Number of protein chains: 2
Amino acid sequence: MALAKKKFRDPDETQRRILAAAKVEFAKNGLGGARVDVIAARANANKRMMYHYFGNKEALFKLVLENAYGDFRAAEAALALDKEEPVTALRKWVAFSWNYFIANPEFITLVNSENLHKARHIKNSKRMQEMSRPFVGRMETLLRRGAEAGLFRADLDAVQMNITLASVSYYYLTNRFTGTIVFERDLMSEAALKERLEFNIQSMLRIVCTPETLRKMEHA
Amino acid sequence: MALAKKKFRDPDETQRRILAAAKVEFAKNGLGGARVDVIAARANANKRMMYHYFGNKEALFKLVLENAYGDFRAAEAALALDKEEPVTALRKWVAFSWNYFIANPEFITLVNSENLHKARHIKNSKRMQEMSRPFVGRMETLLRRGAEAGLFRADLDAVQMNITLASVSYYYLTNRFTGTIVFERDLMSEAALKERLEFNIQSMLRIVCTPETLRKMEHA
DNA sequence: TCTTGAAATAACCAGATAGTTATTTATGCT
DNA sequence: AGCATAAATAACTATCTGGTTATTTCAAGA
């Protein structure tokens with residue numbers, strides 16, 4: 001196989017390492033708590049390289065956030081839910097966000113950190129808006145298809161649905177540490193995770209489906 | 001009226017001012033981004049006083065968080081939902097959390113900050129657990145009453161319901177800054193807030209009510 | 001009025017931290 | 001081979017920051 005000869009000078013690779021290290025550090029400590037020295041060390045790079053390639057700490061944060069958001073939306077698009085029957089598509093969508101948040105916990109903390117700062121880093125990000133549009137469109141399409149098939153309610157707003165779909169998974173996971181104390185229950189055991197996913201799927205179905213659809217599903 | 005003479009030395013008042021200032025600063029910048037100098041200045045107190053009364057920055061943070069949580073649960077208890085008819089009680093509960101999060105935005109950012117730190121400040125807080133128990137119990141009672149009246153589904157888990165009830169409001173509000181960009185829509189206009197609250201109430205009702213109950217409500 | 005302890009303050013310190021400067025080293029091109 | 005340029009490094013700096021020390025000020029009880 002074509003082994004890439006190890007290069008001593010490799011700008012692309014260095015930038016990649018810095019970005020990866022920054023993602024870990026920003027996710028773990030937030031923008032304010034993250035340390036550029038730690039990022040450089042973890043990247044096996046010199047701090048000066050970070051400033052050379054990315055400008056400053058906040059510009060690096062912005063890029064990390066945009067990339068994380070892009071990865072999430074790309075994974076979502078790859079689901080190809082347009083080809084699924086509406087009820088199945090909704091189930092898969094809920095399961096997808098749940099599993100993605102679990103597999104990529106940095107995503108949640110990065111988004112939280114950006115919201116703590118009132119989204120000032122991406123406020124004027126064209127890239128951010130462009131990455132979002134197809135995702136909003138997908139929910140509109142799904143709701144229309146479901147309604148036309150007589151399965152879904154006809155008056156649902158796609159934005160509200162997008163938000164609710166994310167919220168039931170995101171909130172559980174982002175607040176899992178205080179939640180464990182408040183509810184005196186292990187929210188992250190395998191059984192608990194499975195139970196929550198199933199609960200979320202049922203919740204979303206009850207929100208979108210007509211009472212008739214629900215009755216049929218429950219009698220099946 | 002009995003005007004309290006302004007005292008030059010007033011330990012209770014000084015502590016109160018420091019706590020209030022700390023709440024603002026921690027909420028705005030998170031634990032890592034908060035500055036003790038800023039807290040002292042905003043409290044019109046000396047930094048030394050903070051260390052004298054509260055020990056250190058993290059102990060102060062813990063107390064601020066516990067107080068914020070206590071305030072929230074106290075307000076919730078004051079609703080006296082036990083006396084309401086189940087469907088009304090659920091509506092009022094959803095509206096309460098929604099309005100509380102809007103009126104007390106620090107609550108959300110404080111909880112987020114604590115979760116970023118894996119809840120290490122309240123991990124062994126007896127006070128935190130004690131404040132939580134009645135709240136979990138309230139949902140159990142409500143669900144039982146609703147089920148006995150034939151209004152609610154009989155198989156609902158109180159913890160899942162508590163989490164979901166909070167999530168649909170909390171997520172919308174905590175992520176309102178990135179949300180505004182992602183959805184290219186003002187999520188905080190008066191109309192948008194009203195719409196979201198109504199959507200959340202309907203969502204919760206659809207999750208808990210039996211299909212028969214829903215049908216009756218929709219035909220009314 | 002005098003004494004005593006708590007409340008309050010200001011100045012300070014050591015370590016941390018984002019960002020820079022000056023310099024060296026590898027790589028691709030001719 | 002040698003040159004020009006980009007990549008990489010280490011050492012440095014000004015400022016910030018949580019926490020402390022030394023000291024002063026006030027208020028209440030005897």
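These numbers come from the heavy atoms of this one structure, side chains and all, not from hydrogens, waters or symmetry mates. Note on naming: letters A, B, ... go to the chains in the order of the sequence lines (proteins, then strands), and numbering restarts at 1 for each one. Since the model is a prediction, treat every value here as computed from it, not as a measurement.
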[X] side chain vs [Y] backbone, donor-acceptor pair below 3.5 Å:
| X | Y | value |
| --- | --- | --- |
| B/Thr109 | B/Ala27 | yes |
| A/Glu114 | A/Ile122 | yes |
| B/Arg176 | B/Leu187 | no |

Calculate the interatomic distance between [X] atom [atom1] and [N] atom [atom2]; express it in whole Å.
| X | N | atom1 | atom2 | value |
| --- | --- | --- | --- | --- |
| B/Asn56 | D/dG18 | CG | C1' | 9 Å |
| A/Asp12 | D/dA7 | CG | P | 9 Å |
| B/Met50 | C/dA7 | CE | C1' | 16 Å |
| A/Tyr51 | C/dT20 | OH | P | 7 Å |

Next on the checklist: Looking at A/His52, I'd like to know whether one of its side-chain N or O atoms comes within less than 4.0 Å of OP1 or OP2 on D/dA6.
Outcome noted: no
Checklist entry - Relative to A/Phe135, does A/Arg73 satisfy both conditions: NZ or CZ under 6.0 angstrom from the six-membered ring centre, and within 45 degrees of the ring's axis? => result yes
Checklist entry - When the ring planes of A/Phe101 and A/Tyr170 are compared, do they come out parallel, tilted or perpendicular, using 30° and 60° as the limits? => result perpendicular
Next on the checklist: Ring-plane angle category for A/Phe72 and A/Tyr100, please: parallel below 30°, perpendicular beyond 60°, tilted otherwise.
Outcome noted: tilted
Next on the checklist: Could you check, using the six-membered ring where one of them is a Trp, whether B/Phe26 and B/Phe61 have ring centers closer than 6.0 angstrom?
Outcome noted: yes
Next on the checklist: Using a 4.0 Å heavy-atom cut-off to protein, can you give one letter per nucleotide of nucleotides 8-13 of chain C, 5' to 3': B if the base is in contact, S if only the sugar-phosphate is, - if neither?
Outcome noted: BBB---
Next on the checklist: If you define the side chain from C-beta out and look only at heavy atoms, does anything of A/Leu31 sit under 4.5 Å from A/Glu58?
Outcome noted: yes
Checklist entry - Is there a residue in residues 19-41 of chain A whose heavy atoms reach under 4.0 Å of DNA chain C, and which residues are they? => result A/Ala34, A/Arg35, A/Val36
